[in-house]
> 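My questions all concern the structure below.
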Amino acid sequence: ASRSWSLLCRVSEAREVASWAMEAADALDDPVARAQAYLSLAAAASRSGEVLLAEEEIDAAIELFDAAEDPRGRAEALRQRGMSRLLRGDQRAAEEPIAAALEAFRSVGDRRGEAWSLQNLAWIAFTDGRVEVAERAIEASRQAFREVGDRGGLAWVEGLSACVRFSQG
């Protein structure tokens with residue numbers, strides 16, 4: 001729920017819900033839930049422009065996912081690390097964690113995570129001037145989003161595809 005509030009740019013509500021989730025995770029002594037709460041806090045911090053705080057929370061989530069041996073959670077945290085770096089304008093630093101996330105999502109058969117990672121890598125390639133790489137990643141992302149029936153993800157990848165086509169004239 002916290003990430004949903006964050007996506008709606010209601011950062012204070014997102015932080016509040018994430019804090020409740022952290023309290024519940026602590027009460028249950030659940031490291032995976034705690035890691036997920038850190039990702040929610042990171043999303044809120046990122047939306048409010050606190051990218052360094054977001055990266056600290058993402059790093060904490062990665063440590064917890066690693067300790068819990070949760071490869072899917074770790075993959076999502078790596079993807080979020082890359083996106084945080086991308087949002088602060090560092091495409092080069094963003095690519096490696098997202099590429100690692102893509103491989104991790106593939107290793108656990110998570111096509112939705114794979115689709116988002118491919119979309120993120122396409123965005124990086126496009127903003128870096130590697131249009132052909134972006135087009136290949138867009139097509140692979142589009143296919144994966146269709147397979148899992150993710151209309152929201154498909155809308156994001158179609159928007160990126162339109163930007164790439166527009167840039168080509």
Side-chain angles (χ1 to χ4, degrees), residues 2-11 14 18 35-36 38-62 65 70-169:
S2 176
R3 282 194 240 174
S4 297
W5 283 114
S6 183
L7 289 173
L8 294 171
C9 297
R10 297 181 64 176
V11 175
Q36 291 167 340
Y38 270 123
L39 288 183
S40 294
L41 287 167
S46 181
R47 293 273 189 249
S48 66
E50 299 171 278
V51 292
L52 295 179
L53 175 59
E55 289 188 24
E56 289 174 14
E57 290 166 336
I58 291 166
D59 290 344
I62 290 171
F65 284 129
D70 182 338
R72 182 174 279 118
R74 182 181 202 290
E76 180 56 25
L78 285 171
R79 192 181 75 77
Q80 292 299 325
R81 176 188 279 167
M83 289 305 295
S84 179
R85 291 176 179 175
L86 182 62
L87 292 174
R88 71 174 155 87
D90 193 349
Q91 289 113 310
R92 298 284 181 210
E95 194 162 9
E96 184 274 324
I98 296 173
L102 174 61
E103 292 309 310
F105 282 126
R106 284 180 172 158
S107 75
V108 296
D110 184 336
R111 289 290 281 160
R112 179 172 277 110
E114 185 179 338
W116 279 110
S117 297
L118 286 162
Q119 190 273 352
N120 299 158
L121 290 169
W123 184 9
I124 292 168
F126 171 61
T127 59
D128 201 33
R130 295 175 287 144
V131 175
E132 289 179 12
V133 172
E135 288 175 327
R136 286 192 301 273
I138 285 169
E139 186 51 42
S141 178
R142 180 183 288 127
Q143 181 180 345
F145 278 129
R146 283 185 178 140
E147 285 176 19
V148 298
D150 187 332
R151 291 184 192 170
L154 192 55
W156 277 98
V157 81
E158 293 300 346
L160 178 57
S161 179
C163 288
V164 171
R165 286 193 312 273
F166 181 77
S167 75
Q168 294 171 324

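Quick caveat, the model's predicted, so the values are computed rather than measured.
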> Flag yes if more than 12 heavy atoms outside Glu132 fall under 6.0 Å of its CD atom; otherwise flag no.
no
> CZ/Arg79 to CG/Leu39 distance, rounded to the nearest 0.5 angstrom?
10.0 Å
> Output side-chain donor-acceptor pairs under 3.5 Å for residues 149-163, partner residues at least two apart or in another chain, one line each.
{"residue": "Asp150", "atom": "OD1", "partner": "Gly152", "partner atom": "N", "Å": "3.2"}
{"residue": "Asp150", "atom": "OD1", "partner": "Gly153", "partner atom": "N", "Å": "2.7"}
{"residue": "Asp150", "atom": "OD2", "partner": "Arg112", "partner atom": "NE", "Å": "3.0"}
{"residue": "Glu158", "atom": "OE1", "partner": "Arg142", "partner atom": "NH2", "Å": "3.1"}
{"residue": "Glu158", "atom": "OE2", "partner": "Arg142", "partner atom": "NE", "Å": "2.7"}
{"residue": "Ser161", "atom": "OG", "partner": "Arg142", "partner atom": "NH2", "Å": "3.1"}
{"residue": "Ser161", "atom": "OG", "partner": "Arg165", "partner atom": "NH1", "Å": "2.6"}

> Mind listing the closest non-hydrogen atom pair of Ala104 and Ala75 along with its distance?
CB-CB, 3.5 Å
> Can you establish whether the number of heavy atoms outside Trp116 located under 6.0 Å from its atom CH2 is more than 12?
yes
> Could you list the donor-acceptor pairs under 3.5 angstrom formed by side chains in residues 93-102, with sequence neighbours left out?
{"residue": "Glu95", "atom": "OE1", "partner": "Arg130", "partner atom": "NH2", "Å": "3.1"}
{"residue": "Glu95", "atom": "OE2", "partner": "Arg130", "partner atom": "NH1", "Å": "3.3"}
{"residue": "Glu95", "atom": "OE2", "partner": "Arg130", "partner atom": "NH2", "Å": "3.4"}

> Is the shortest heavy-atom distance from the side chain of Phe126 to the side chain of Glu135 under 4.5 Å?
no
> Determine yes or no for a side-chain-to-main-chain donor-acceptor pair under 3.5 angstrom, with Ser84 supplying the side chain and Arg81 the backbone.
no
> Does the side chain of Trp123 reach to within under 4.5 Å of the side chain of Met83, using non-hydrogen atoms?
yes
> As an exercise, state the distance from CG of Leu41 to CD of Glu50, rounded to the nearest 0.5 Å.
10.5 Å
> Kindly say whether Val51 contributes a backbone atom to a donor-acceptor pair with the side chain of Ser46 at under 3.5 angstrom?
no
> Determine the minimum heavy-atom distance between Ala77 and Ala61, stating which atoms define it.
CB-CB, 4.5 Å
> For the residue pair Glu76 and Phe105, establish whether any side-chain heavy-atom pair is separated by less than 4.5 Å.
yes
> Please report the interatomic distance CD1(Ile62) to CD(Glu57), rounded to the nearest 0.5 Å.
12.5 Å
> Tell me every residue that passes side-chain contact (heavy atoms from CB on, under 4.5 Å) with Ser107, counting only those two or more places apart in sequence or in another chain.
none
> Is any NZ, NE, NH1 or NH2 atom of the basic residue among Arg136 and Glu139 found under 4.0 Å from an Asp or Glu carboxylate oxygen of the other?
no
> Tell me, do Arg85 and Glu55 make a side-chain contact under 4.5 Å, heavy atoms counted?
yes
